[in-house]
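Within every chain, numbering begins at 1; the chains are lettered A, B, ... in the order of the sequence lines, protein sequences first and strands thereafter.
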There are 2 protein chains.
Amino acid sequence: MSSPVASPGPEPSGRQVRPAGRHRAAPAPRPGRTAVTKQKLFDAALRLVGERGPASVTVDEIAAEAGVAKGTVYYNFGSKDGLVDALLRHGVELLAGRLREAERYADTREAVDHLVDGALGFFGEYPAFAQLLVSELWRTPGQWHGTLSLLRDDIVSILKGQMQRVADAGRLPPGVEVGTASAALFGTLLVVALDWQVFQPERTREQVRDSVLPLVHGLAAARAPEPEPPGS
Amino acid sequence: MSSPVASPGPEPSGRQVRPAGRHRAAPAPRPGRTAVTKQKLFDAALRLVGERGPASVTVDEIAAEAGVAKGTVYYNFGSKDGLVDALLRHGVELLAGRLREAERYADTREAVDHLVDGALGFFGEYPAFAQLLVSELWRTPGQWHGTLSLLRDDIVSILKGQMQRVADAGRLPPGVEVGTASAALFGTLLVVALDWQVFQPERTREQVRDSVLPLVHGLAAARAPEPEPPGS
DNA sequence: CTATTTGAACTGACCGGTCAGTGCAAAAGG
DNA sequence: CCTTTTGCACTGACCGGTCAGTTCAAATAG
């Protein structure tokens with residue numbers, strides 16, 4: 001039942017047709033009704049959109065999957081795009097939260113370990129979100145490109161921070177740029193997680209993690225004096 | 001101009017996409033304008049599908065972009081899916097061809113260099129294809145998942161072959177599995193290429209390559225002779 | 001002559017978005 | 001304590017528009 005988006009934030013982004021109360025308005029904080037509905041919609045939308053892509057999923061399907069009426073979607077999110085947008089934001093926020101946990105560890109190696117583990121855990125829990133992310137992140141003229149660019153910065157900056165620490169410790173091979181290493185790490189984690197879910201679902205998360213960790217460690221520890229740039 | 005499928009030649013080794021269509025089949029291979037028309041359709045389809053995804057692009061748009069009548073699409077490919085399917089196959093075939101060139105080099109390091117360079121070159125030349133690939137490759141119930149799984153195997157097996165050579169040379173850190181390393185490499189190359197195209201288009205391909213190479217080399221080289229592989 | 005392409009008309013389904021109306025729980029009023 | 005009002009949250013039939021796919025006669029190229 002869990003969902004990557006769990007925030008009962010009372011944010012009726014849908015347009016209000018009626019003027020708000022004119023008497024003593026705002027009597028009491030909205031009961032959990034709205035939050036529950038939004039949660040159900042997030043769950044359903046994540047499942048379907050992750051599987052088949054935002055464009056191929058109909059609002060009717062999402063509503064049906066969530067067990068609510070179509071109008072409810074528009075009441076709560078204004079539009080199909082609004083729903084997807086909110087879904088994206090919440091998902092990234094949750095992922096960023098997990099990655100940021102790694103910042104708590106003073107030891108560089110330990111921090112990297114938790115970074116990898118956090119990312120793998122999140123993508124393993126919500127493969128549909130990983131799929132959604134990878135599908136839309138680089139879609140240039142996409143309607144979510146602006147939003148996603150910002151969201152991407154959130155995540156990459158976290159990775160960058162950690163990689164910078166690795167670099168400061170002098171553990172990065174010469175010539176490797178922090179930005180490139182971060183992008184590579186991000187791509188590696190995404191692809192490894194998706195490959196795991198799609199092509200090797202029988203593997204446990206620990207197995208996958210233990211196969212990725214030495215790879216990352218191998219990169220972040222080897223400092224080979226290679227004074228010869230390959231042919232050019 | 002330019003397309004991942006470049007073989008307007010009169011005889012592409014008999015690789016016919018199948019005339020499809022419910023009209024009389026064409027037993028007499030007389031590629032007159034057909035090849036040119038298909039080429040135009042591939043170009044247009046790649047551009048649009050890569051940008052906005054297969055589901056969001058209409059056949060009318062593709063036909064218009066290609067400067068061809070809608071009926072021609074159905075005459076040549078039978079259906080929209082047929083067109084996308086052929087597009088996928090041709091693109092992967094071309095990519096695989098480039099990657100396989102790396103197999104010609106006896107030196108492991110040199111081979112890896114050319115592997116990276118080839119992949120980067122291809123993705124840089126056809127970013128729309130990279131986008132299409134990354135969007136559809138892990139879409140589990142997608143209509144192209146079956147096809148793409150096969151195509152993925154083509155590419156990954158090439159990468160795996162090279163990584164195996166690296167492993168045999170004892171240059172992989174202990175504990176790193178070849179399969180994982182291949183998937184990670186694939187993901188790294190894809191993501192780095194897409195990031196380059198989308199977020200840093202001003203960088204030259206050489207710059208990007210030179211920032212990735214030391215990263216890969218750092219991983220695949222200079223490992224203390226660790227004669228203790230943790231079994232399997 | 002045949003293979004290929006054209007271009008337009010048509011259809012049948014589907015989809016995003018709308019809106020008048022319903023249900024209900026809390027506040028207001030008595 | 002009971003009745004009435006208020007308005008939020010939700011409903012679902014409906015509408016205008018779009019699209020994949022079909023068909024075909026005429027034009028064009030080899």
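- Distance A:Ile62 CD1 to C:dG16 C1': 11 Å, rounded to the nearest Å.
- In terms of position on DNA chain D, the residue among A:Ala69 and A:Asp60 whose nearest nucleotide sits closer to the 5' end is A:Ala69.
- Dashed line: the shortest gap from a side-chain N or O of A:Asn76 to OP1 or OP2 of D:dA9 is not under 4.0 Å.
- The phosphate of C:dT5 (OP1 or OP2) has no side-chain N or O of B:Tyr75 nearer than 4.0 angstrom.
- Residue B:Thr72 places at least one side-chain N or O under 4.0 Å from the OP1 or OP2 atom of C:dT6.
- Using a 4.0 Å cut-off between a side-chain N of Lys or Arg and a carboxylate O of Asp or Glu, A:Arg139 and B:Glu51 do not qualify as a salt bridge.
- Under the salt bridge (charged side-chain N to carboxylate O under 4.0 Å, His left out) criterion, A:Asp81 pairs with no residue at all, not counting sequence neighbours.
- One interatomic measurement links the two molecules: CG of A:Asp81 to C1' of C:dC15, which rounds to 13 Å at whole-angstrom precision.
- With DNA chain C read from its 5' end, the first of the two nearest nucleotides for A:Pro54 and B:Lys40 is the one closest to B:Lys40.
- Each of B:Gly67 and A:Lys80 was assigned the nucleotide of DNA chain C with the nearest heavy atom; the assignment lying further toward the 5' end belongs to B:Gly67.
- Residues A:Asp113 and A:Arg209 are not paired through a salt bridge, judged by the lack of any N-O separation under 4.0 Å between the basic side chain and the carboxylate.
- In this structure, B:Ser79 does not reach the D:dA20 phosphate: none of its side-chain N or O atoms is under 4.0 Å from OP1 or OP2.
- Distance OH (B:Tyr74) to P (D:dT23): 12 Å, rounded to an integer number of Å.
- Between A:Arg98 and A:Glu125 there is a salt bridge, since a side-chain N of the basic residue sits under 4.0 Å from a carboxylate O of the acidic one.
- Comparing the end axes of the helix from C:dC1-D:dG30 to C:dG30-D:dC1, each fitted to five base pairs by superposing C1' atoms of four pairs onto the next four, gives an inter-axis angle of 20° (nearest 10 degrees).
- The A:Val59 side chain lies nearest to C:dG16 when the options are C:dA3, C:dG16, D:dA20.
- Residues A:Phe122 and A:Phe129 bring their aromatic ring centres within 6.0 Å.
- The side-chain contact (heavy atoms from CB on, under 4.5 Å) test applied to B:Leu137 returns B:Leu148, B:Arg152, B:Phe186, not counting sequence neighbours.
- Taking every side-chain heavy atom of B:Thr37 into account, C:dT5 is the closest of D:dC10, D:dG21, C:dT5.
- Looking at B:Lys70, its side chain has no donor and acceptor atom pair within 3.5 Å of the base of C:dG7.
- Using a cut-off of 4.0 Å between Lys/Arg side-chain N and Asp/Glu carboxylate O, A:Arg89 and A:Asp85 are scored as salt-bridged.
- In this structure, A:Val57 reaches the sugar-phosphate backbone alone: every heavy-atom distance under 4.0 Å involves primed, P, OP1 or OP2 atoms, never a base.
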